[in-house]
Amino acid sequence: MNIPTGWQIDIGLEIHAQLNTKSKIFSGASTLFGSEPNSQASAVDLALPGVLPVVNEAVYAKAVRFGLGVSADISRVSAFDRKNYFYPDLPKGYQITQMDLPIVSGGHIDILLEDSTEKRIRITRAHLEEDAGKSLHEAFDRYTGIDLNRAGTPLLEIVSEPDIKSAFEAVAYARKIHQLVTYLNICDGDMSQGSLRFDANVSVRREDSDTLGVRTETKNLNSFRFLERAIYYETVRQIDRLEAGRSVAQETRLYDHNKDETRPMRSKETATDYRYFPEPDLLPVIITDETIAKIKAEMPELPTQRQQRFIEDFNLAATDAALLANDRNLADYFEATIKNSQDPILSANWIKVELLGHLNRDAVSITDSPVSAIQLGDLVALIQAGTISGKIAKDVFAALWTGETSSAATYIEQHDLHQLSDPSALEPLIFDILKANPKQLEQLRSGKDKLMGFFVGQVMKQTQGKANPQEVNNIIKRLLQETV
Amino acid sequence: MITKQELGVLGDLAQLSLDPESRDSTLRAINEVLELVAIMNTAECEGVKPLAHPLEAEQLLRSDKVTEVNQVAKFSQAAPLFKEGLYLVPKVIE
Amino acid sequence: MNLNNATITELHKLLTDKAISATELTQHFLSRIAENDSEINSFITITPEVAIEEAKAADLVLAKGQHTMLTGIPMAHKDIFCIEDIRTTAGSKMLANFIAPYTSTCIEKLRHAGTVTLGKTNMDEFAMGSSNESSYFGPVHNPWDKTKVPGGSSGGSAASLAACLCVASTGTDTGGSIRQPASMCGLTGLKPTYGRISRWGMIAFASSLDQAGCFTRTAEDAAILLEHMAGHDSKDSTSLNLAVPEFTAALSEPLAGLKVGICSDYFKEGLEPEVENLVMDGIKELAKMGAEVVEIELPHTKFSLSAYYVIAPAECSANLSRYDGVRYGYRCKDPENLEDLYKRSRSEGFGSEVKKRIMVGAFALSAGYYDAYYRKAQQLRRLIKNDFVSAFEQVDVIVGPTAPGTAFPLGAKTNDPVSMYLQDIYTIAASLAGVPAISIPVGLSKGMPVGLQLIGNYLEEAKLLRVAHQFQQQTNWHQQQPQSNLL
């Protein structure tokens with residue numbers, strides 16, 4: 001399927017970022033993922049008769065941090081509203097959200113387009129609200145099971161203007177938000193746990209039209225790929241309908257990744273009138289300039305700032321700095337590594353080649369890496385000090401990766417892998433090898449330098465890779481001169 | 001004044017069904033209330049800021065601490081249908 | 001001495017003098033409930049085992065001398081307050097079998113102070129009503145005349161105290177639900193400033209209006225209770241973050257120099273002439289005691305009822321959405337699908353008054369009507385509040401009738417909702433503004449009690465209680481009793 005020409009696509013994204021607080025937005029229940037069903041549903045989360053919400057302070061601090069990160073306005077007075085609809089995973093029958101006075105308004109984020117130019121996507125608003133519980137449709141034949149552990153998990157809903165014009169731009173924007181919220185340490189960004197979820201509002205119009213078309217909202221996309229596919233499918237579907245002279249219905253849709261298509265959602269659609277009104281159980285939240293200044297002072301470094309620092313402070317190549325700074329966890333790993341290795345460039349190389357290679361091969365995330373930054377830092381330090389060769393270091397890394405050992409130094413000790421750099425030990429060995437290969441020695445003497453490699457190889461073979469190649473080179477050259 | 005049809009919409013919004021016998025009396029009762037309320041229309045409120053909370057105080061924030069323990073055994077005793085740790089409702093098709 | 005109508009103060013003396021034990025006192029009231037409540041129906045649940053256990057604990061505390069003014073005082077609580085392991089119904093079929101898994105802050109505090117829980121009292125369903133006739137557990141009969149209503153919504157709490165089935169009781173007041181039944185049952189009924197007592201564990205009707213309070217025989221008892229019920233609660237964002245004053249401290253201060261406001265709007269058509277006369281007599285009494293009577297204006301008070309019947313239903317329409325038959329409460333038989341589960345559980349579980357208010361509320365908030373109804377009502381609410389703010393720049397308290405008439409016969413207004421709503425015409429404005437108010441007995445009209453309402457400025461419960469207490473030092477209306485009590 002290709003997107004037909006002559007059409008303009010308008011996309012607005014609503015991104016739900018779960019804020020990484022310890023407790024819920026309105027109750028003291030834990031937000032830990034993956035616990036026994038309903039074990040983290042407190043009286044407030046269950047909406048027992050007579051319970052009341054109280055706002056979590058950390059939720060506000062994190063929302064403000066986001067607002068500052070996208071150059072938005074922070075509302076000095078923000079307030080909560082009730083959004084009324086019935087659904088079994090919404091225990092109160094209303095969601096507490098921010099309608100009239102959101103904490104963050106305005107702001108923008110710049111994305112990189114395919115042609116390497118930058119494009120600015122405007123952010124309409126970001127507001128705080130509570131997550132719903134989970135409906136489990138597969139667990140029973142005739143029933144849907146409700147788990148309310150997630151109910152009340154704080155969400156920051158980030159709403160963009162319809163500035164996004166393609167699935168590519170949507171993904172670029174979503175990735176940028178992902179990078180930002182993880183950098184700001186307001187969301188763990190773990191898509192597999194639903195920490196970041198996308199709703200895509202998609203509409204199409206003739207290229208010469210000034211008014212937006214009728215939009216559909218595809219809900220709950222939980223990966224960048226699904227976001228891309230869903231937008232692509234919706235775009236083509238809408239254009240096809242309009243070209244066939246049919247209309248597009250304003251509706252909520254779901255993306256089915258097995259079929260790679262979207263379809264209208266059957267439930268949640270009766271309540272089209274949410275009857276928002278101010279939440280009487282909560283009072284307006286006042287944020288002072290001092291509080292904002294304090295949060296600003298404690299803002300973590302943003303990706304572009306960090307990349308610049310890697311170049312200036314550590315002399316990293318721009319591409320390496322970008323690669324490492326792009327992912328906050330990777331950048332943190334890198335900085336932790338150099339604490340032990342004291343060698344930023346060598347550390348960066350090892351992370352780029354060996355570590356990322358292994359992570360990709362085994363599909364492991366950096367936060368779950370079996371080799372810790374401390375371990376890698378120690379290993380790089382050993383290479384740097386000449387204790388082991390780079391070749392041996394790869395074996396040591398593999399042993400760390402599989403868990404065969406937990407310390408490079410111990411492993412080297414146990415397997416006697418120290419690099420041989422002592423000339424008095426190497427010289428007799430090299431002398432014997434030269435003598436044992438008179439033909440090659442003759443060629444080397446006559447100026448065939450590439451025979452050097454042959455002899456170094458022989459020495460490495462004999463020493464099981466432990467000989468210091470630089471030292472071996474030096475000794476061979478000296479021996480050649482001495483025996484002239 | 002609301003119509004029978006609007007009453008049906010309100011019933012859907014509020015998830016309430018009215019049996020045919022009580023529909024007329026409910027409609028009448030609701031319209032009586034709306035009539036009582038209509039006197040508001042004579043009040044001049046131009047430029048008056050709506051008052052949501054009588055005291056106009058500000059929200060105190062709670063520190064981010066886990067204070068709740070697992071009480072699923074106690075809470076679920078009140079549930080009409082609870083199995084394998086889940087509250088059950090008739091199967092929902094999304 | 002007769003224990004039946006003794007005050008907290010009197011009983012406290014008996015308890016600390018060891019003239020009676022808390023257990024004996026509790027047993028006395030449990031027997032009275034067993035003998036008399038079948039005709040009153042003031043209790044939904046009686047908790048004799050809990051009561052005896054608490055009384056025994058109170059006796060130990062009394063023996064050690066670590067008591068409060070409330071140690072060993074038997075109380076009845078409106079069935080709107082959650083008490084752990086005790087059935088809590090809010091007068092509804094929806095919660096007819098709901099055993100609360102936690103305790104409300106207000107009751108927790110009273111229990112901590114040593115009170116004894118006799119049981120949970122009858123009420124209008126979800127506190128929606130002014131006659132206690134919307135209760136799923138049947139109407140409550142007024143001890144003064146059992147063919148009449150006790151008022152509502154806290155009708156059971158009022159009737160149980162009037163019938164001497166407890167020493168004091170708790171209630172909640174959203175638009176008059178403490179003051180109006182206090183008036184009809186000849187009791188002192190206090191609604192404090194909004195936010196004075198925590199709402200945690202108190203089943204919500206209209207969150208921005210609901211306020212807990214109490215029924216007592218005297219203003220002095222009310223002051224004692226309020227000292228223990230009030231206070232900031234970190235679990236209720238709307239609870240006042242202020243220290244609790246000693247409400248009992250200023251009770252004995254005389255009224256000389258006090259300015260009492262009267263508003264002509266409170267004496268217009270609809271007010272029974274004999275009630276008006278008694279209220280005017282009460283005001284004269286205050287003047288005799290040294291108070292200066294001043295005419296004041298509350299120009300927006302006439303809009304109170306309208307604003308209230310938009311705001312309260314709107315908030316209740318959302319507050320009652322949680323009753324969906326999923327996690328607790330009534331669930332219909334064999335639901336076919338989710339919508340059937342919702343609609344039948346709610347339609348079968350709620351009574352007609354509740355359903356009507358939910359729909360009025362849904363209407364007032366719905367698209368296209370919000371501005372004309374909900375927003376307008378909230379604007380009027382500000383104007384009504386501003387009226388009080390200006391009035392209290394001139395006067396210390398505002399005095400008037402609590403209700404337009406005395407208790408009416410059971411069934412008299414059940415088919416006439418608007419005339420039922422008019423019961424709260426004098427009490428609603430204070431609820432909308434959030435200011436404190438108290439109703440005290442001011443005489444009998446054709447043998448039925450009449451209440452005098454005193455409205456105070458924000459946080460000035462102490463002043464209200466002082467005026468009420470001083471009035472009760474000069475009059476004996478609060479000591480009048482229903483004939484049936486004396487049989």
Side-chain angles (χ1 to χ4, degrees), chain B residues 2 6-7 9-19 22 25-62 71 74-82 87-93, chain C residues 98-99 101 194-195 208 234 237-238 240-241 300 302-303 305-307 309-310 313 317 321 324-329 331 335-344 346-347 350 352 355-356 358-360 362-363 366 372-373 375-383 385 417-418 421 432-434 458:
Chain B
I2 63 165
E6 283 175 302
L7 184 69
V9 174
L10 291 178
D12 285 341
L13 283 177
Q15 295 288 4
L16 291 169
S17 56
L18 295 169
D19 47 70
S22 64
S25 61
T26 305
L27 184 65
R28 208 175 328 116
I30 290 176
N31 278 327
E32 273 176 31
V33 177
L34 294 179
E35 219 171 292
L36 169 82
V37 159
I39 181 197
M40 287 199 313
N41 298 332
T42 64
E44 180 51 64
C45 292
E46 188 71 30
V48 178
K49 200 177 149 210
L51 179 70
H53 297 93
L55 300 178
E56 298 184 273
E58 78 176 80
Q59 178 70 33
L60 291 177
L61 302 175
R62 168 178 70 76
Q71 291 197 73
K74 179 150 195 148
F75 292 151
S76 62
Q77 279 170 20
L81 196 54
F82 187 83
Y87 295 90
L88 301 190
V89 298
K91 192 136 192 146
V92 179
I93 300 149
Chain C
F98 178 69
I99 309 294
Y194 178 82
S208 77
S234 59
S237 303
T238 61
L240 280 162
N241 189 18
H300 297 93
K302 57 178 177 287
F303 299 114
L305 200 65
S306 315
Y309 275 99
V310 170
S317 74
S321 292
D324 58 5
V326 178
R327 299 162 313 286
Y328 51 80
R331 183 186 186 114
E336 282 171 25
N337 52 40
L338 184 65
E339 193 187 353
D340 189 37
L341 166 73
Y342 281 158
K343 282 199 169 169
R344 274 204 292 131
R346 289 167 60 76
S347 301
F350 289 138
S352 60
K355 282 187 272 197
K356 187 176 74 192
I358 290 174
M359 288 206 265
V360 168
F363 173 77
S366 61
Y373 286 88
R375 191 165 186 281
K376 182 95 183 213
Q378 297 281 54
Q379 288 177 311
L380 282 168
R381 188 174 191 182
R382 181 175 297 279
L383 295 175
K385 174 187 170 150
V418 171
Y421 295 171
L432 287 169
Y458 292 100

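Throughout, a chain's letter reflects where its sequence line sits, starting with A, and its residues are numbered from 1. Worth saying up front: this structure is predicted, and the values here are computed from it rather than measured.
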Part of [X] lying under 4.5 Å from any heavy atom of chain B:
| X | result |
| --- | --- |
| C:S208 | both |
| C:Y373 | both |
| C:K355 | both |
| C:Y458 | side chain |
| C:L341 | side chain |
| C:F98 | side chain |
| C:L432 | backbone |
| C:A362 | both |
| C:D324 | neither |
| C:A377 | both |

Atom pair [atom1]/[atom2] of [X] and [Y] - distance to nearest 0.5 Å:
| X | Y | atom1 | atom2 | answer |
| --- | --- | --- | --- | --- |
| C:F303 | B:N41 | CZ | CG | 9.5 Å |
| C:L380 | B:M40 | CG | CE | 6.5 Å |
| C:Y328 | B:F82 | OH | CZ | 15.0 Å |

If every non-hydrogen atom of [X] is compared with every non-hydrogen atom of [Y], which pair is closest and at what distance?
| X | Y | result |
| --- | --- | --- |
| B:E44 | C:L383 | O-CD1, 3.8 Å |
| B:V33 | C:K356 | CG2-CE, 4.4 Å |
| B:L88 | C:R331 | O-NH2, 2.8 Å |
| B:P80 | C:G325 | CG-O, 3.6 Å |
| B:P90 | C:L338 | CB-N, 3.9 Å |
| B:C45 | C:K376 | SG-CE, 3.8 Å |

* Asked: Among C:S347, C:S306, C:S366, which has the most heavy-atom pairs under 4.5 Å with chain B?
  -> C:S306

* Return the option, out of C:S352, C:S237, C:G329, C:S321, with the maximum number of heavy-atom pairs under 4.5 Å with chain B. => C:S237

* **Under 4.5 Å from a heavy atom of chain C, the part of B:A57 involved** => neither

* Which bit of B:I2 is near chain C, if near means a heavy-atom gap under 4.5 Å: side chain, backbone, both or neither? -> side chain

* Mind checking whether C:K343 and B:D12 have side chains closer than 4.5 Å, heavy atoms only? -> yes

* Asked: Quick one: are C:Y309 and B:L36 in side-chain contact, heavy atoms under 4.5 Å?
  -> yes

Go through [options] and name the one with the most non-hydrogen pairs under 4.5 angstrom from chain C.
| options | result |
| --- | --- |
| B:A52, B:A43, B:G11, B:G47 | B:A43 |
| B:R62, B:H53, B:E32, B:K49 | B:K49 |
| B:L60, B:T26, B:D19 | B:L60 |

* Under 3.5 Å: donor-acceptor pair, side chain of C:R346, backbone of B:A14 -> yes

* **Verdict with reasoning, C:M359 to B:L16, per side-chain contact (heavy atoms from CB on, under 4.5 Å)** => CA-CA 9 Å; C:M359 288 206 265; B:L16 291 169; 4.0 Å; yes

* What do the steps show when you test B:E56 against C:R382 for salt bridge (Lys or Arg N to Asp or Glu O under 4.0 Å), and what is the final call? -> CA-CA 11 Å; B:E56 298 184 273; C:R382 181 175 297 279; 3.1 Å; yes

